[in-house]
Amino acid sequence: MAEEKLTTRAEDFSEWYNQLVIRADLADYAPVRGCMVVKPYGWALWENITSWLDKEFKATGHVNAAFPTLIPMSFFEKEKDHVEGFAPELAVVTHGGGQELEEKLAVRPTSETIIGHMYSKWVKSWRDLPILIVQWGSVLRWELRTKLFLRTAEFYWHEGHTAHSSEEEAKEEMYRILDIYERFCLEEAAVPVFKGTKSDTERFAGAQITTSIEAMMWDKRALQSGTSHYFGDNFAKAFEIQYLDKNNKLTFAQTTSWAISSRIIGAMIMVHGDDHGLVMPPRLAPIQAVVVPIFKSDEEKAKVMEVADRIFAELKAAGVRVKFDDRDNVSSGFKFNDWEMRGVPVRVEIGPKDVEKGTVALARRDRPGKEGKTFVPQTNLDSTVKGLLDEIQASLLKRATEYRDSNIHNVATYDELKEVVKDGWAFSYWCESRECESKVKEETKATTRNIPFDQPKEEGACVVCGKPSKRKVYFAKAY
RNA sequence: CGGGGCGUGGCGCAGUCCGGCUAGCGCGCUUGCUUUGGGAGCAAGAGGCCGUAGGUUCGAAUCCUAUCGCCCCGACCA
């Protein structure tokens, strides 16, 4: 390590993040501007994320498929809002095989168009519906300002694309997926989120309804962590996805799409990370526990290694994702800091004293340094460690939820709102007009995050214009 | 796209204003010995077309011209 200390979050949150992603070995900068290399440790984390989601999608009847990376440019012109939304960030292939192409090809920024095109071929009868397809892959958007995981030109995700025979069914699908996303964030990532509906201006290009889950980062900025859209028949009309219904009537299908991207890794970093480095939620951590042997002489080494080996094998057999750090070119002190930087939830230290006493030192990552260290018996260590992993998982969610809730303020006046969004979120009534929304954005840089499903019963007055308003919305500065 | 900064061993930099010997420093890397309960020490090594292309000059990392790239700050986005 070139520099030993990480920039602290309070000093410079953005710099803390940049250093951490590199030093925790999650990713590296690629030679192409705005692109990243996801390193094995980062990819292992992503695999844990994807395998949980994949399992849930399959359990709810979805199947995986793959569509091409290249999309004919003309496809983007078929849906007006969609083309306006994505035109600025398209990368376009103009040459192939040394020849200029007759029709330019866009590198997919998302796949609604090409999938819509295919669905129109596949959907002829009501019996062909629903179609519930998920594509796992990467997409490319020509971003001007990038940041590892949070916003890169190419990013990894899944995009679900479904087609249904009724509005109700399509909307149900949208909400069903959002519920899966919420469960993922709470149960796996330990990141609390609000489910809600996006405002008209924040809606996905081409959608009728966009729902999202919104999370608060340590710096109190909001991060949209997943989205689920209902398109109505917008894309069906643009791509002629039509079928004969039970009454032999030609009908447009109802479609949805939804996604969680590798950005969620950025959310986990910014919610749980501390000034010592990354903090991985145990359920997603590629390495849940690391065994660090400590010794001086060769005699000590022999004794310690024997016990450490045995404990490593026991934990592994018990299903813990465990690593044995037997490097002999770095000191144990270095290893402690190294694994803390990488966010491994539990560290098992075994030294000569432990061998004598039949103990190990257990250090929990959510309480860094010596404070989180306790000495426990070697017997039943597997269940001790598993119990501690569960405890850490729960504690991370609790801590993040308390932090979030303590930084959200109900506001009734515009002055209050302006003050609150400087360093937190405002929750207030809003008349849902574009004017009031853009006024807030221009004057405070805060945007509407979402109108949560979970709403107070009574009505109120818009925080900006005072008109009667049915629903409350979160205002916050966002990534 | 507008504003600011920077390109010199793997990484971080000094040297550039005022041209001059074999281009330095820290970290990392390699080897050896001693170390190891919170980021080890000593010794010996390896590693650089100074972003690129022209030009000025006896001589260019340094001066001139062009060009490429990167980072940071502002308008859009998962």
Side-chain angles (χ1 to χ4, degrees), chain A residues 1-6 12 14-15 18-19 22-23 28-35 84-90 109-110 138-147 149-159 181 198 201-205 210 212-215 222-229 257-267 276-277 292-298 300-301 304-305 325-341 347-357 359-361 363 368-373 375 441-442 445 447 478-479:
Chain A
M1 301 282 141
E3 60 232 291
E4 294 181 351
K5 283 267 187 291
L6 192 62
D12 184 342
S14 178
E15 181 59 24
N18 289 338
Q19 288 180 9
I22 299 296
R23 292 179 62 184
D28 202 352
Y29 291 98
V32 177
R33 175 191 164 72
C35 292
E84 282 173 14
F86 283 102
E89 43 189 12
L90 281 187
T110 179
S138 69
V139 289
L140 193 76
R141 298 180 187 177
W142 210 258
E143 298 291 348
L144 301 177
R145 292 195 60 191
T146 59
K147 204 171 179 73
F149 289 114
L150 282 185
R151 186 179 299 109
T152 47
E154 184 182 22
F155 59 89
Y156 299 88
W157 73 349
H158 65 262
E159 42 181 324
Y181 288 170
K198 285 293 205 181
T201 52
E202 298 281 330
R203 215 193 298 127
F204 179 80
T210 287
S212 73
I213 46 172
E214 304 281 336
L223 186 78
Q224 178 173 311
S225 304
T227 49
S228 185
H229 317 287
S257 85
W258 26 273
I260 276 185
S261 74
S262 42
R263 166 182 257 196
I264 196 74
I265 292 175
H276 299 262
V292 180
I294 299 156
F295 49 82
K296 290 194 178 97
S297 61
D298 280 351
E300 279 181 356
K301 180 177 180 179
V304 166
M305 287 306 242
D325 187 353
D326 59 356
R327 287 178 291 179
D328 58 5
N329 60 331
V330 291
S331 68
S332 46
F334 180 90
K335 291 177 184 177
F336 299 162
N337 288 286
D338 195 31
W339 293 114
E340 270 171 15
M341 184 67 74
R347 192 173 61 244
V348 183
E349 303 169 14
I350 303 162
K353 291 174 202 161
D354 295 305
V355 173
E356 278 174 33
K357 294 185 202 157
T359 60
V360 301
K370 287 174 182 168
E371 299 76 44
K373 207 182 276 199
F375 289 85
K441 186 174 179 179
E442 276 165 32
K445 301 219 166 142
T447 51
Y479 276 96

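Letters A, B, ... are given to chains in the order of the sequence lines, protein chains preceding strands, and every chain is numbered from 1.
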Rounded distance in Å - CZ (Phe334(A)) to C1' (C27(B)): 12 Å

Quick test of the criterion, 5.5 Å between centres and less than 30° between planes. Is Phe155(A) stacked on A78(B) or not? yes

Once you round it to whole Å, what is the distance between C1' of U36(B) and CD1 of Ile294(A)? 8 Å

Pick base, sugar-phosphate or nothing for Lys335(A), based on heavy-atom distances below 4.0 Å to the nucleic acid. nothing

Please pick, from A78(B), A75(B), U36(B), the nucleotide with the shortest atom-to-atom distance to any side-chain atom of Lys296(A). U36(B)

Of all the choices, C77(B), A40(B), G37(B), which nucleotide is nearest to the side chain of Glu89(A) once you look at every atom? C77(B)

Look at the side chain of Lys445(A) and decide which nucleotide, out of G38(B), C72(B), A75(B), has an atom nearest to it. A75(B)

Looking for any heavy atom pair under 4.0 Å, which part of the strands does Arg347(A) touch: base, sugar-phosphate only, or nothing? base

Report the relative orientation of the aromatic rings in His158(A) and Tyr181(A); use parallel for angles under 30°, tilted for 30 to 60°, perpendicular for over 60°. tilted

In this structure, how many angstroms lie between the C1' atom of U36(B) and the CG atom of Asp298(A), rounded? 12 Å

May I ask you to check whether Ser14(A) and Lys147(A) show a side-chain donor-acceptor distance below 3.5 Å? yes

Lys/Arg N to Asp/Glu carboxylate O, Asp338(A) vs Arg347(A), below 4.0 Å: no

Scan Thr152(A) against the nucleic acid and name what it touches under 4.0 Å (heavy atoms): base, sugar-phosphate only, or nothing. base

d(CE, Met305(A); P, U36(B)) in whole Å: 16 Å

Once you round it to whole Å, what is the distance between P of C70(B) and CG of Asp28(A)? 15 Å

So among Glu202(A), Gln224(A), His229(A), which one has a side-chain hydrogen bond (donor to acceptor under 3.5 Å, both in side chains) with Thr210(A)? His229(A)

Between U57(B) and A14(B), how far apart are the two P atoms, rounded to whole Å? 31 Å

Is any NZ, NE, NH1 or NH2 atom of the basic residue among Glu214(A) and Lys198(A) found under 4.0 Å from an Asp or Glu carboxylate oxygen of the other? yes

Could you tell me how far C64(B) sits from G20(B) if I compare only their P atoms? Round to whole Å. 15 Å

Tell me the interatomic distance from Glu300(A), atom CD, to U35(B), atom C1', rounded to whole angstroms. 12 Å

Would you call Arg141(A) and Glu154(A) a salt bridge, taking side-chain N to carboxylate O under 4.0 Å as the test? no

Counting N and O atoms only, with roles assigned by atom type, does the side chain of Asp298(A) sit under 3.5 Å from a partner on the main chain of Glu300(A), one being a donor and the other an acceptor? no

Donor-acceptor pair under 3.5 Å: do we get one between Arg151(A)'s side chain and the base of C77(B)? yes

Quick check against the 3.5 Å criterion: does Ser225(A) have a side-chain atom that pairs as donor or acceptor with the backbone of Leu223(A)? yes

I'd like to know if Lys370(A) reaches the base of G37(B) with its side chain, counting only an N/O donor and acceptor under 3.5 Å. no

Does Lys370(A) reach the main-chain N or O of Ala363(A) with its side chain, forming a donor-acceptor pair under 3.5 Å? no

With a 3.5 Å cut-off and just heavy-atom distances, do the side chain of Asp354(A) and the base of G37(B) make a donor-acceptor pair? yes

Provide, to the nearest angstrom, the distance between the CG atom belonging to Asn329(A) and the P atom belonging to G39(B). 16 Å

Which part of the nucleic acid, if any, lies within contact of Leu223(A), taking any heavy atom under 4.0 Å across all strands shown: a base, the sugar-phosphate backbone alone, or nothing? nothing

By nearest nucleotide on RNA chain B, pick out whichever of Lys147(A) and Glu202(A) is the more 5' one. Lys147(A)

Ser331(A) vs Gln224(A), nearer the 5' end of RNA chain B by closest nucleotide: Ser331(A)

Against the side chain of Ala361(A), the closest entry in A78(B), G37(B), G38(B) is G37(B)

Determine, using ring centers only, whether Phe86(A) and Phe204(A) are less than 6.0 Å apart. yes

Between A40(B), G38(B), C77(B), which nucleotide has the shortest distance from any of its atoms to the side chain of Glu143(A)? C77(B)

Which value, in whole Å, describes the distance between the C1' atoms of nucleotides U16(B) and U34(B)? 44 Å

What is the distance from CH2 of Trp157(A) to P of C77(B), rounded to the nearest Å? 14 Å

Quick one: label Tyr156(A) by what it contacts on the DNA or RNA (base, sugar-phosphate, nothing), any heavy atom closer than 4.0 Å. nothing

Base, sugar-phosphate, or nothing for Glu340(A), non-hydrogen atoms under 4.0 angstrom? base

Kindly express the pairing pattern of RNA chain B in dot-bracket notation, using | wherever a base pairs with another strand and counting only Watson-Crick or G-U pairs under 3.5 Å. ((((((((.[[[[.)....(...]]]].((((((.....)))))).....[[[[[..)....]]]]])))))))....

Got a donor-acceptor pair under 3.5 Å from the side chain of Ser261(A) to the base of A78(B)? yes

Taking the side chain of Lys441(A) as heavy atoms from C-beta outward, which of C76(B), G37(B), G39(B) is closest to it? C76(B)

For Lys301(A), which contact category applies under a 4.0 Å heavy-atom criterion: base, sugar-phosphate, or nothing? nothing

